[in-house]
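All ligand and atom numbering here is 1-based and tracks the order in the structure.
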Amino acid sequence: MIKLGVNIDHVATLRQARGTQYPSVVQAALRAEEAGADSITIHLREDRRHIQDADVFALRPLLQTKMNLEMAVTEEMLGIALQVKPQDVCLVPERREERTTEGGLEVAGNLAAVSHACQVLRDADIRVSLFIAPDIAQIDAAKAAGAPVIEIHTGTFADAETPEEQAHELARVQAAVAHGRKLGLVVNAGHGLNIHNVHLIAAIPGIEELNIGHAIVAHAIFVGWEYSVREMKALMLQAAKAE
Ligand SMILES: CC(=O)[C@@H](O)[C@H](O)COP(=O)(O)O
Ligand SMILES: NCC(=O)COP(=O)(O)O
């Protein structure tokens, strides 16, 4: 059954906008789990624009499902991951000035550094995922780096402006999922997914989990947090079942 990882970064974005104690990311995570989230994703950015170190440490013992910690491939982040010991770490590319994660991790061009990070995390019994573009060379490199999991970046699919462009990007994601599965990798996907486009990705055979954040938080303003999580999960399950 396809799984939903709820990304709560933008609950923290709202809190950081005013420097308040609310909204609580712990409440958001626990209530998301009650509403059907299969895991909780948080991205500890190097610039700490939303999730803070204290959030990561506070959430770890409280989560009932799994923590998926997204982080850049740096010694600082590896050190934090070794202290927190989340069940999963997803290595992502990061540029300080970007609005959001643009593109996937360049694994093929940084094989030694990414392989080293995978090894360090594997030695600590942390499952590693690589957040990569739907690109065959990057998937092959992820396998070579020793990552058991990949997460396909669906941002380009989500940003498609015409039906033709969307169909083209969907085909790229479908091919990437099939290739990853052929190599024996667990294949997840995420970024930019919302209630209008999620069915197309959830229906791809072989996808294990979708990580979704921004759209769930945004939709919650109108329908409430738990409803927003439940609705997303229901749409995913419906699409996966129909396939
Ligand atoms: C890697 C990824 O896709 C998520 O971390 C998502 O990007 C979170 O939002 P921001 O990119 O705005 O930090
Ligand atoms: N890795 C993707 C993720 O966690 C959520 O991305 P978004 O839904 O906030 O765009």
Side-chain angles (χ1 to χ4, degrees), residues 2-17 25 28-29 32 37-52 55-56 59 65-74 77 81 86-107 127-134 138 142 147 149-160 169 173 176-177 186-202 207-221 225 228-229 231-233 235-236:
I2 191 161
K3 298 193 183 83
L4 170 63
V6 174
N7 182 319
I8 57 170
D9 291 351
H10 298 300
V11 174
T13 299
L14 199 53
R15 180 193 62 191
Q16 297 306 112
V25 292
D38 298 291
S39 56
I40 299 297
T41 293
I42 46 177
H43 184 175
L44 184 66
R45 277 187 173 271
E46 288 186 274
D47 64 9
R48 307 301 199 269
R49 67 174 72 161
H50 38 57
I51 294 293
Q52 305 296 303
D55 296 326
V56 185
L59 283 162
T65 58
K66 290 196 304 177
M67 175 183 283
N68 175 33
L69 177 62
E70 294 182 333
M71 57 181 228
V73 187
T74 65
M77 289 298 156
Q87 288 86 352
D88 292 347
V89 157
C90 182
L91 298 174
V92 305
E94 230 179 81
R95 283 189 295 147
R96 291 260 165 119
E97 68 280 10
E98 69 190 352
R99 177 178 285 175
T100 184
T101 309
E102 292 165 2
L105 191 65
E106 177 50 58
V107 185
R127 193 175 74 142
V128 193
S129 168
L130 303 181
F131 191 54
I132 54 177
Q138 297 297 340
V149 185
I150 53 173
E151 179 173 329
I152 302 296
H153 192 316
T154 50
T156 313
F157 157 80
D159 290 341
E169 292 303 328
V173 177
V177 175
V186 171
V187 183
N188 300 334
H191 203 92
L193 298 179
N194 57 47
I195 55 170
H196 305 294
N197 64 19
V198 71
H199 62 287
L200 294 170
I201 299 295
I207 287 212
E208 175 96 4
E209 176 181 286
L210 300 183
N211 285 302
I212 309 180
H214 183 265
I216 292 178
V217 174
H219 194 47
I221 291 170
W225 178 241
S228 186
V229 172
E231 186 181 15
M232 186 62 81
K233 178 99 184 255
L235 289 169
M236 286 167 50

In terms of residue, atom name and distance, what is the protein heavy atom nearest to atom 4 (O) of ligand 2?
Asn7 ND2, 2.8 Å
Counting heavy atoms under 4.0 Å, the part of Asp9 that contacts ligand 1 is side chain
Identify the closest protein heavy atom to atom 11 (O) of ligand 1: which residue and atom is it, and at what distance?
Thr100 OG1, 2.5 Å
Would you check the N or O atoms of Arg49, main chain and side chain alike, for any that come under 3.5 Å of an N or O of ligand 1?
no
Are any of the heavy atoms in Glu70 under 4.0 Å away from ligand 2?
yes
Examine Thr41 against ligand 2 and note whether any of their N/O atoms are separated by less than 3.5 Å.
no
When the ring planes of His50 and His10 are compared, do they come out parallel, tilted or perpendicular, using 30° and 60° as the limits?
perpendicular
Taking every non-hydrogen atom, the tightest pair across Leu193 and Asn197:
CA-OD1, 3.3 Å
Using a strict 4.0 Å cut-off to heavy atoms of Ile212, name the atoms of ligand 2 that fall inside it.
8 (O)
Quick look: Asn211 vs ligand 2, heavy-atom contacts under 4.0 Å, and the answer is both
Give yes or no for whether the N/O distance cutoff of 3.5 Å, strictly under, is met between Ala215 and ligand 2.
no
When you measure from atom 9 (O) of ligand 2 to every protein heavy atom, which one gives the shortest distance, and what is it?
His214 N, 2.9 Å
If we ignore angles and hydrogens, is there a donor and acceptor under 3.5 Å between the side chains of Thr41 and Asn7?
no
Side chain, backbone, both or neither: Glu151 near ligand 2, heavy atoms under 4.0 Å
side chain
Rounded to the nearest 0.5 Å, what's the gap from CG on Leu44 to CZ on Arg49? Could you check?
12.0 Å
Only one of Asn188, Thr101, Ile152, Val107 clears side-chain contact (heavy atoms from CB on, under 4.5 Å) with Phe131; which?
Thr101
Is any side-chain heavy atom of Val149 closer than 4.5 Å to one of Leu130?
no
Nearest protein heavy atom to atom 10 (O) of ligand 2, by residue and atom, and its distance?
Gly192 N, 2.8 Å
Quick one: pull up CE in Met67 and CG in Leu59 and give me the separation to the nearest 0.5 Å.
5.0 Å
Would you please determine whether His153 falls within less than 4.0 Å of ligand 1 on a heavy-atom basis?
no
Name the closest protein heavy atom to atom 3 (O) of ligand 1, giving the residue it belongs to and the distance to 0.1 Å.
His191 ND1, 2.7 Å
Any N or O of Gly190 closer than 3.5 Å to N or O of ligand 2
no
Can you sort out which atoms of ligand 1 are near His50, meaning under 4.0 Å from one of its heavy atoms?
10 (P), 13 (O)
Can a donor-acceptor pair be found between the side chains of Glu151 and Asn211 at a distance below 3.5 Å?
yes
What about His10: any of its N or O atoms under 3.5 Å from an N or O on ligand 2?
no
Test of understanding: given a 4.0 Å heavy-atom threshold, classify the contact between Asn7 and ligand 1 as side chain, backbone, both, or neither.
side chain
Give me the atom names and distance for the closest heavy-atom approach of Ile201 to Thr154.
CD1-CG2, 4.1 Å
Give me the residue, atom name and distance of the protein heavy atom closest to atom 4 (C) of ligand 1.
Glu70 OE1, 3.0 Å
Ile51 side chain reached by Val56 side chain, heavy atoms, under 4.5 Å
yes
So which heavy atom in the protein is nearest atom 6 (O) of ligand 2, and how far is it from that ligand atom?
His191 CA, 3.6 Å
Yes or no: does His10 have any heavy atom under 4.0 Å from an atom of ligand 1?
yes
Tell me which protein heavy atom sits closest to atom 8 (O) of ligand 2, plus the residue, atom name and distance to 0.1 Å.
Gly213 N, 2.8 Å
Would you call Arg45 and Arg96 a side-chain contact if the rule is heavy atoms closer than 4.5 Å?
no
Above 12 or not: heavy atoms from other molecules or residues under 6.0 Å from NE2 of His214?
no
Do Arg15 and Gln52 come close enough that some side-chain heavy atom pair is under 4.5 Å?
yes
